[in-house]
Enquirer: 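Mind having a look at this structure? Questions to follow.
Residue numbers begin at 1 in each chain, while the letters A, B, ... track the order of the sequences. Given the structure is predicted, the values throughout are model-derived calculations rather than measurements.
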Protein chains: 2
Amino acid sequence: MTEQLSTAEENYIKSIYHLQQAESIVSTNEVAARLNTKAASVTDMLKRLNNKHVINYEKYKGVSLSVEGEKIAIDIIRKHRLWEYFLVEKLQFKWDEVHEIAEELEHITSKQLIERLDNFLGYPKFDPHGDPIPDSKGHIQFQEQISLIDLTIDQPATVSAVVGSQSSELLELLTHKNIGIGTRIVVKRKFSFDNSLEIETNDNSKFTISKELAMALFVK
Amino acid sequence: MTEQLSTAEENYIKSIYHLQQAESIVSTNEVAARLNTKAASVTDMLKRLNNKHVINYEKYKGVSLSVEGEKIAIDIIRKHRLWEYFLVEKLQFKWDEVHEIAEELEHITSKQLIERLDNFLGYPKFDPHGDPIPDSKGHIQFQEQISLIDLTIDQPATVSAVVGSQSSELLELLTHKNIGIGTRIVVKRKFSFDNSLEIETNDNSKFTISKELAMALFVK
DNA sequence: TAAATAATTTAGATTCGCCTAAATTTTATT
DNA sequence: AATAAAATTTAGGCGAATCTAAATTATTTA
């Protein structure tokens, strides 16, 4: 289909994909900020990617992925998230240690490799951060994720993502409270004074968490 | 210690290492042939690597690895062979399918990753082709390997390498006879007429193999 | 050993991916 | 709407890694 892309090209495509989640048209400066590079370098690359038909780009008009480009982006994301899953589940890395390594592994080209890895891992649907892993056809299982703060009382749910998962302070708190991706939670009471929640988890323990923490936890 | 090396630089170092197994001083043309590149490109790179002190190089005098360079080479080979082991043992690849993929994986930089992978795999000593895997300190367990054709009668041994393992004809024959790396073999008789051998394997089957096959099998 | 041949290096280009500085276009503000 | 500010692109350059063609050095052979 498409010829081999360089690592740099793949990183641009991935960035544009992620930026497009917020707004369908992405600016040169946004891409530059995300990739820690200069706007002039981005313009250069956009011209090249445009020639390869993986993006739609017009001078001064911003950029978006073509259908082809979106396929490529999803494929890279699939690889990234499968490797993250592997690193956490098989090699015992913590979920906040795997991103950098997966950034490298996601550029390994073998199609066979990723299919077999997927099989070896048991076709996981979500990565260690709770983000969905696209399947081999590029289908992404989108899911309603709501903040724990908005969860109905007595409605069981599973922690599927943590916003700001890069913060070690947050990680410390979660470790202490024994909460992670996959933890089952039921909200038992809501205290309107400070918006804190009384919750019950997996291990039958019942305790209160702050508004701040509840807002950082997403469940499905 | 040393700054980050590019993939290209690492590949040059690895090539020089392997070529040095045959002769301690390696020529520009030998490197060029091994890397499918031109002699002029090699000269360029040798100058660069020389400046980084990972090789010993003098114009027209050939090249050899410095102590530092050899460490780097062994580290890359360790990564390559561990990944090959992973691909065969965990992802069910055949041993003749993994080289290319490992060529990419060997350049992933994380030290932690490779140590954890090693642990996950159970600290294997030999890769699927029977080549030794250097340990985390760079020690390589060298082993006497002899051709099966030279093995003493009634002396049990284990298949540790196959020469010409890239040939699919050979692979076909080995699959049919159910012989692979790790197969235990005892030579029961030698027939001087055609130098064929009667052997007994793991699974208690007894059969004859040709001189050609015996010469391709190495045991320890 | 002198000439022929082979190996290696140098010179000069090219592409990729990046940079800075200057020019241009778009957007926001008065 | 005119001008100021912000965003973007162009121009020109640089280092890495490669190439071809020409020059140089080493080796082989007659």
Side-chain angles (χ1 to χ4, degrees), chain A residues 2-16 19-20 22-65 69 72-73 76 103-104 106-107 109, chain B residues 2-16 19-20 22-65 69 72-73 76 103-104 106-107 109:
Chain A
T2 320
E3 350 76 273
Q4 262 285 66
L5 297 170
S6 72
T7 295
E9 288 169 330
E10 288 192 348
N11 285 335
Y12 273 88
I13 292 172
K14 192 169 52 128
S15 288
I16 296 165
L19 291 166
Q20 273 195 292
E23 274 195 287
S24 64
I25 297 250
V26 175
S27 75
T28 302
N29 267 359
E30 284 167 343
V31 176
R34 198 173 220 273
L35 288 172
N36 283 306
T37 150
K38 298 303 156 78
S41 309
V42 174
T43 301
D44 260 21
M45 182 61 96
L46 293 183
K47 284 180 192 165
R48 241 174 298 150
L49 292 176
N50 198 46
N51 289 337
K52 296 190 178 185
H53 306 105
V54 297
I55 61 173
N56 304 119
Y57 168 65
E58 252 186 296
K59 265 189 181 191
Y60 297 106
K61 296 286 171 63
V63 60
S64 64
L65 292 180
I72 294 166
I76 301 166
E103 287 284 302
E104 289 189 64
E106 73 188 4
H107 300 292
T109 53
Chain B
T2 319
E3 351 74 274
Q4 263 284 67
L5 297 169
S6 71
T7 295
E9 287 169 332
E10 288 193 348
N11 285 335
Y12 273 88
I13 291 172
K14 193 169 51 127
S15 288
I16 296 165
L19 291 166
Q20 273 195 292
E23 273 197 286
S24 65
I25 297 249
V26 175
S27 74
T28 300
N29 266 359
E30 284 167 344
V31 176
R34 199 174 220 271
L35 289 172
N36 283 309
T37 136
K38 298 303 155 76
S41 310
V42 175
T43 301
D44 261 21
M45 182 61 97
L46 294 184
K47 284 180 191 166
R48 242 174 298 149
L49 292 176
N50 198 45
N51 290 336
K52 296 191 178 185
H53 306 106
V54 297
I55 61 172
N56 305 118
Y57 168 65
E58 253 186 295
K59 265 190 183 188
Y60 297 106
K61 296 287 172 63
V63 60
S64 64
L65 291 180
I72 294 165
I76 301 166
E103 287 284 301
E104 290 189 63
E106 73 189 4
H107 300 292
T109 53

Enquirer: Counting just side-chain N and O atoms, does A:Arg48 come under 4.0 Å of either OP1 or OP2 of C:dC16?
Expert: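 So the side chain of A:Arg48 is outside the cut-off, no N or O lying under 4.0 Å from OP1 or OP2 of C:dC16.
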Enquirer: Could you tell me from which nucleotide to which nucleotide of DNA chain D, 5' to 3', there is an atom under 4.0 Å from chain B heavy atoms?
Expert: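 The footprint of chain B covers D:dA16 to D:dA26.
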Enquirer: Within the modelled atom types, does a donor on one side and an acceptor on the other bring the side chain of A:Asp44 and the base of C:dC18 under 3.5 Å apart?
Expert: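 By the distance-only test, yes, there is a pair.
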Enquirer: Measure the CG-CG distance between A:Asn50 and A:Asn56 for me, rounded to the nearest 0.5 Å.
Expert: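 Going from CG on A:Asn50 over to CG on A:Asn56, the span is 7.5 Å.
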Enquirer: Please list, one pair per line, the donor and acceptor atoms closer than 3.5 Å that link side chains of residues 34-49 of chain B to other protein atoms, with sequence neighbours excluded.
Expert:
| residue | atom | partner | partner atom | Å |
| --- | --- | --- | --- | --- |
| B:Thr43 | OG1 | B:Ala39 | O | 3.2 |

Enquirer: Heavy atoms only: give me the nearest B:Ala73-B:Leu65 pair and the separation to one decimal.
Expert: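 Where B:Ala73 meets B:Leu65 most closely, the heavy atoms are CB-CD1, 3.9 Å.
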Enquirer: Please report the interatomic distance CG(A:Leu19) to OG(A:Ser24), rounded to the nearest 0.5 Å.
Expert: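 Those atoms lie 12.0 Å apart.
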Enquirer: If you measure from CD1 on B:Ile25 to CD on B:Glu30, what distance do you get to the nearest 0.5 Å?
Expert: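 That separation rounds to 10.5 Å.
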Enquirer: Listed by chain and number, what are the salt bridge (charged side-chain N to carboxylate O under 4.0 Å, His left out) partners of A:Glu23, not counting sequence neighbours?
Expert: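 Once residues adjacent in sequence are excluded, A:Glu23 has no partner under the salt bridge (charged side-chain N to carboxylate O under 4.0 Å, His left out) criterion.
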Enquirer: Please report the distance, rounded to the nearest Å, between CG in A:Leu5 and C1' in C:dC16.
Expert: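 Rounded to whole Å, this separation is 13 Å.
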Enquirer: When you check every protein heavy atom under 4.0 Å of nucleotides 3-8 of chain C, what one-letter string (B, S, -) results, 5' to 3'?
Expert: ----SB
Enquirer: Using the C1' atoms of the five pairs at each end, what is the angle between the end axes of the helix from C:dT1-D:dA30 to C:dT30-D:dA1, to 10°?
Expert: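 One end axis against the other gives 10°.
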Enquirer: Where do A:Leu5 and A:Lys52 land on the side chain to side chain contact (heavy atoms under 4.5 Å, CB included) test, with the steps shown first?
Expert: CA-CA 10 Å; A:Leu5 297 170; A:Lys52 296 190 178 185; 4.1 Å; yes
Enquirer: In chain order, what residues pass the side chain to side chain donor-acceptor pair (under 3.5 Å) check against A:Thr7, with sequence neighbours excluded?
Expert: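 If we apply the side chain to side chain donor-acceptor pair (under 3.5 Å) test to A:Thr7, skipping adjacent residues, there are no hits.
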Enquirer: Between A:Leu46 and B:Met45, which is nearer to the 5' end of DNA chain D once each is assigned its nearest nucleotide?
Expert: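 Result of the comparison: A:Leu46.
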Enquirer: Got a sec, which residues hit side-chain contact (heavy atoms from CB on, under 4.5 Å) with A:Glu106, two or more places apart in sequence or on another chain?
Expert: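 Counting only residues at least two positions away or on another chain, A:Glu106 forms a side-chain contact (heavy atoms from CB on, under 4.5 Å) with A:Asn11, A:Lys14, A:Ile76, A:Lys79, A:His80, A:Glu103.
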Enquirer: Please check the phosphate of C:dT20 (OP1 and OP2 only) for any side-chain N or O of A:Lys38 closer than 4.0 Å.
Expert: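 A:Lys38 to C:dT20 OP1/OP2: side-chain N or O found under 4.0 Å.
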Enquirer: Does B:Gln20 have any side chain to side chain donor-acceptor pair (under 3.5 Å) partners at least two apart in sequence or in another chain, and if so, which?
Expert: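 Testing B:Gln20 for side chain to side chain donor-acceptor pair (under 3.5 Å), a comparison that skips the adjacent residues, returns none.
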Enquirer: Distance from A:Glu9 atom CD to A:His107 atom NE2, nearest 0.5 Å?
Expert: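 Spacing of CD (A:Glu9) from NE2 (A:His107) equals 11.5 Å.
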